[in-house]
> 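Input: one structure, supplied below.
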Amino acid sequence: MTTAPWTAVPDQRGRRFVVTGATSGIGLLTARVLVHRGAEVVLGVRNEEKGAAAAAQMTGPGQAVVEKLDVSDLSSVEAFAERIGDVDVLVNNAGILGVAQGTSVDGVELHLATNHLGHHALALRMLPRIGDRVVVVSSNSHRHGELDVTDLGWQRRPYKPYAAYAASKLANMLFTRELSRRLRASGVTANCLHPGVVATSFGRDGDARGLWALAFRAYRPFMLTPEQGARTTVFVACDPGLQETSGQYFANCAQVRSSRASQDHEAAVRL
């Protein structure tokens with residue numbers, strides 16, 4: 001990775017971050033930049049061997065610490081939260097896209113379990129020990145999401161992988177806004193972001209197939225690099241100008257307007 005574009009990131013020495021899904025793609029690049037700028041970064045990873053390999057790629061005055069975490073498993077989330085001490089910033093980054101219909105060990109639809117519910121639980125479990133920010137990696141796909149809280153498991157509707165993914169990203173947005181509202185007097189902020197359409201293994205490590213997999217291959221030459229995709233995550237996690245900004249949505253390192261559905265207060269409270 002070229003470190004020059006990241007020299008504008010403020011020095012992070014003395015600060016501690018948690019980054020989920022940090023073994024590849026945006027999560028890996030985010031953690032690498034934070035370590036390069038001096039932070040201690042806890043890598044929340046499903047596969048500890050891959051986590052160790054990722055940590056070995058990180059150089060700088062900071063430190064990478066590998067901890068087991070499967071965000072699709074609420075018992076794993078609880079155990080991780082109990083082991084982790086105080087942190088400045090939680091970056092909820094891990095995610096899946098385009099997997100076949102199935103449920104987590106807790107019986108929750110896989111996209112919702114991985115992309116939303118596990119991170120929802122992790123943020124709430126860790127809140128007493130988060131000193132600064134909660135950062136949620138959502139997606140512009142939230143604009144296509146329809147969240148039916150009476151059928152979160154897709155039992156009464158035809159299952160469509162992209163629709164399930166988009167619904168989980170809308171859930172990210174609603175959760176972030178409601179969390180921000182509830183944290184208003186605490187000094188801790190919560191913001192979400194769209195990293196861009198990034199050429200990573202995301203959407204190909206799972207069960208994406210058919211036209212969905214073909215679309216990824218066709219559009220890959222036009223996608224952002226993981227380094228480009230990580231910039232907005234790092235910006236929202238580190239920029240000192242956002243110290244009092246909360247409940248907002250970012251893309252291309254700028255605040256943008258999210259969908260009307262993502263601003264539905266009643267839906268956010270119900271979720």
> Is R184 close to S246 at the side-chain level, that is, under 4.5 Å between some pair of heavy atoms?
no
> Drop me the distance from L193's CG to N140's CG, to the nearest 0.5 angstrom.
11.0 Å
> Under a 4.5 Å cut-off applied to non-hydrogen side-chain atoms, are Q12 and D88 in contact?
no
> More than 12 heavy atoms of other residues, nucleotides or ligands under 6.0 Å from CZ of R129: is that the case?
yes
> With a 3.5 Å cut-off and sequence neighbours excluded, list the donor-acceptor pairs that the side chains of residues 264-271 form with protein atoms.
| residue | atom | partner | partner atom | Å |
| --- | --- | --- | --- | --- |
| D264 | OD1 | E266 | N | 3.1 |
| D264 | OD1 | A267 | N | 3.0 |

> Grab the two heavy atoms, one from R37 and one from P61, that are nearest each other, plus how far apart they are.
C-CG, 4.4 Å
> Who passes salt bridge (charged side-chain N to carboxylate O under 4.0 Å, His left out) against D151, sequence neighbours left out?
R157
> Which heavy atom in L74 sits nearest to a heavy atom in A121, and how many Å separate them?
CD2-CB, 3.9 Å
> Any non-hydrogen side-chain atom of P195 less than 4.5 Å from a side-chain atom of V137?
yes
> Any chain of hydrophobic side-chain contacts (each under 4.5 Å) joining L122 to V188?
yes
> Partners of R13 by salt bridge (charged side-chain N to carboxylate O under 4.0 Å, His left out), sequence neighbours excluded?
D11
> Report whether L90 and L69 are members of the same hydrophobic cluster (ILVMFWY, side-chain heavy atoms less than 4.5 Å apart, transitive linking).
yes
> Could you give me the CA-CA distance, side-chain angles and deciding distance for H119 and F175, then say whether ring pair (Phe, Tyr, Trp, His ring centres under 6.0 Å) is met?
CA-CA 10 Å; H119 284 128; F175 168 71; 9.4 Å; no
> Rounded at 0.5 Å granularity, tell me how far OG in S168 sits from CG in N115.
3.5 Å
> When you compare the side chain of L34 with that of V19, does any pair of heavy atoms fall below 4.5 Å?
yes
> Just checking R125: does its CZ atom have more than 12 heavy atoms from other residues, nucleotides or ligands closer to it than 6.0 angstrom?
no
> With sequence neighbours left out, what residues match D132 under salt bridge (charged side-chain N to carboxylate O under 4.0 Å, His left out)?
R15
> Please report the shortest heavy-atom distance between T23 and A54, naming the atom on each side.
CA-CB, 4.0 Å
> If you look at every heavy atom in S262 and M173, which pair is closest and at what distance?
CB-CB, 3.8 Å
> Report, one line per pair, each donor and acceptor closer than 3.5 Å where one atom sits in a side chain of residues 93-100; sequence neighbours left out.
| residue | atom | partner | partner atom | Å |
| --- | --- | --- | --- | --- |
| N93 | ND2 | T20 | O | 2.9 |
| N93 | ND2 | G21 | O | 3.1 |

> If you define the side chain from C-beta out and look only at heavy atoms, does anything of Y249 sit under 4.5 Å from V236?
no
> In terms of the angle between their ring planes, are H120 and H116 parallel, tilted or perpendicular, with boundaries placed at 30° and 60°?
perpendicular
> Of the non-hydrogen atoms in E109 and A164, which two are nearest, and what is the gap between them?
OE2-CB, 3.9 Å
> Residues two or more places apart in sequence or in another chain: which of them pass ring-ring contact (aromatic ring centres under 6.0 Å, His included) with F80?
none
> Testing the basics here: between A163 and W154, what is the closest heavy-atom pair and its distance to 0.1 Å?
CB-CH2, 3.6 Å
> May I ask you to say whether E48 pairs ionically with K68, meaning some side-chain N is under 4.0 Å from a carboxylate O?
no
